[in-house]
Q: 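This is the structure I want to talk about, given as structure tokens.
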Amino acid sequence: MTKHRVLIVEDEQDIAGLIKHTLERGGEAEAHIVGSGDAALKAVTERPPDLIILDLNLPIVSGMEVCRILRAGADVPHVPIIMLTARTSEDDRVSGLEQGADDYVTKPFSLRELSARVRAVLRRGHAGDGKRPISYRGDHLFADFDAVAVAVDGAAVRLTRREFELLRYLVHNKNRVVSRDRLLERVWGTSAWSKLGPSTCTSAGSGAS
């Protein structure tokens, strides 16, 4: 069985170690740890992982900047990112998702829930591999899913990563009835909003991560 490669970007080694142990315990993932933003960028460039768990308060380069750089790089493949942070405000969550994160987890967090979110994001990334349409052209809308480009009546439209994934999923399921629950599962991940047990992990530091 091929294991998913997960890159854990976290400068608190005790938390990173717990996450690594939790993800590898089931035998489906192989996790690697780096402790700074510049090290994360180097690791992704050298060997892109299947998923990144990204702390925000990192030395050298912040997690938010790491996400921005990865999403802006045309030569970097799209790697799913789960932001893991003590920043809990709505503005922070919206900013993270609009920057391109696929999910946003706040500290203290449940290891069981984080593991479920990882599985959900990986499922979304691999569902329909090789079967998704490369592009879509309608009367007014054109979408190039390889180039991550959308235009309406010839004018380019900028979408957030979540909006783009929603559009791609709806195009992939053209002429089918898709329920709200199905959309939440495939685009957002229903497990992202479930409450899954008391096993929690909290940051040892006092500052926002």
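These values consider heavy atoms only, across backbone and side chains, with no hydrogens, waters or symmetry-generated copies.
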Q: Test side-chain contact (heavy atoms from CB on, under 4.5 Å) on Asp50 and Leu122 and set out the steps.
A: CA-CA 8 Å; Asp50 297 310; Leu122 288 172; 4.0 Å; yes

Q: As an exercise, state the distance from CD of Glu24 to CD1 of Ile19, rounded to the nearest 0.5 Å.
A: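 So the CD of Glu24 and the CD1 of Ile19 are separated by 12.0 Å.
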
Q: For Glu165, is there an ion pair with Arg168 - N to carboxylate O distance below 4.0 angstrom?
A: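 Looking at Glu165 together with Arg168, the answer is yes, because their closest N to O distance falls below 4.0 Å.
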
Q: Side-chain contact test, heavy atoms from C-beta onward, threshold under 4.5 Å: evaluate it for Leu18 versus Asp14 and give yes or no.
A: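 No - every pair of side-chain heavy atoms lies 4.5 Å or more apart.
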
Q: With salt bridge (Lys or Arg N to Asp or Glu O under 4.0 Å) as the test, would you mind laying out the steps for Arg71 and Asp102 before giving the verdict?
A: CA-CA 11 Å; Arg71 291 300 185 248; Asp102 295 84; 3.0 Å; yes

Q: Would you check if Leu56 and Asp92 make a side-chain contact, meaning some heavy-atom pair closer than 4.5 Å?
A: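 Of all side-chain heavy-atom pairs linking Asp92 with Leu56, none is under 4.5 Å.
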
Q: Decide whether Ile60 and Leu41 are clustered together by the hydrophobic rule: side chain heavy atoms of Ile, Leu, Val, Met, Phe, Trp, Tyr closer than 4.5 Å, transitively.
A: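 In one cluster with Ile60: Leu41, yes.
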
Q: For the backbone of Ala31 and the side chain of Lys20, can you confirm whether one donor and one acceptor N or O come within less than 3.5 Å of each other?
A: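 Looks like yes, one N/O pair under 3.5 Å.
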
Q: Does the distance from a Lys or Arg side-chain N to an Asp or Glu carboxylate O, for Arg93 and Glu90, drop under 4.0 Å?
A: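 Salt bridge between Arg93 and Glu90, a charged N being under 4.0 Å from a carboxylate O: no.
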
Q: Nearest 0.5 Å, what's the CG-CG distance between Leu54 and Asp103?
A: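 Separation between the atoms: 12.5 Å.
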
Q: Write down the atom of Phe109, the atom of Leu84, and the distance for their closest heavy-atom approach.
A: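 Residues Phe109 and Leu84, closest heavy atoms: CD2-CD1, 3.7 Å.
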
Q: Can you name the nearest heavy-atom pair linking Val121 to Pro80, along with the distance?
A: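 Reported closest heavy-atom pair: CG1-CB, 3.3 Å.
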
Q: Are Asp38 and Ser36 linked by a side-chain donor-acceptor pair shorter than 3.5 Å?
A: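 Per modelled atom types, Asp38 and Ser36 side chains form a pair under 3.5 Å.
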
Q: Apply the side chain to side chain contact (heavy atoms under 4.5 Å, CB included) test between Ile82 and each candidate in Leu51, Val6, Ile8; give the one that qualifies.
A: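 By the side chain to side chain contact (heavy atoms under 4.5 Å, CB included) criterion, Ile82 pairs with just one of Leu51, Val6, Ile8: Leu51.
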
Q: For a quick test of reading the model, state the closest non-hydrogen atom pair linking Cys67 to Ile81 and the distance between them.
A: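 Heavy-atom minimum between the residues: SG-CD1, 3.9 Å.
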
Q: Can you measure from CZ (Arg119) to CD (Glu28) and round to the nearest 0.5 angstrom?
A: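 Answer rounded to 0.5 Å: 7.0 Å.
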
Q: What closest approach, in Å, do Ser115 and Thr22 show between heavy atoms, and which atom pair accounts for it?
A: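 Looking at all heavy atoms of both residues, the closest pair is CB-CG2, 4.2 Å.
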
Q: Determine whether a donor-acceptor pair (N or O, by modelled atom type, separation under 3.5 Å) exists between the side chain of Asp11 and the backbone of Gly35.
A: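 Looks like no, no N/O pair under 3.5 Å.
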
Q: Which heavy atom in Ile33 sits nearest to a heavy atom in Gly17, and how many Å separate them?
A: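 Smallest interatomic distance, heavy atoms only, reads CD1-N, 4.1 Å.
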
Q: Could you grab the distance from atom CG of Leu166 to atom CZ of Arg161, nearest 0.5 Å is fine?
A: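 Rounded to the nearest 0.5 Å, the CG-CZ separation comes out at 13.0 Å.
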
Q: In this structure, would Met83 and Val94 fall into the same cluster of hydrophobic residues linked by side-chain contacts under 4.5 Å?
A: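 Unlinked, Met83 and Val94 end up in two clusters.
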
Q: Report the distance from atom NZ of Lys107 to atom CD of Glu10, rounding to the nearest 0.5 Å.
A: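 Going from the NZ atom of Lys107 to the CD atom of Glu10 covers 4.0 Å.
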
Q: Would you kindly confirm whether Phe142 and Leu167 end up in one hydrophobic cluster when ILVMFWY residues are joined by side chain heavy atoms under 4.5 Å apart?
A: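 No: no chain of side-chain contacts under 4.5 Å links Phe142 to Leu167.
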
Q: Membership question, hydrophobic clusters at under 4.5 Å side-chain separation (ILVMFWY): are Val152 and Val171 in the same one?
A: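 Both belong to a single hydrophobic cluster.
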
Q: With the side chain counted from C-beta on, respond yes when Val9 and Asp55 share a heavy-atom pair under 4.5 Å apart, and no when they do not.
A: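 Result no, sub-4.5 Å side-chain heavy-atom pair not found.
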
Q: Under a 4.5 Å side-chain heavy-atom rule over Ile, Leu, Val, Met, Phe, Trp and Tyr, are Val66 and Val79 clustered together?
A: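 Yes, Val66 connects to Val79 through the hydrophobic network.
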
Q: Roughly how far, to the nearest 0.5 Å, is CZ of Arg158 from CD of Glu163?
A: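 Interatomic distance, Glu163 CD to Arg158 CZ, rounded to 0.5 Å: 11.0 Å.
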
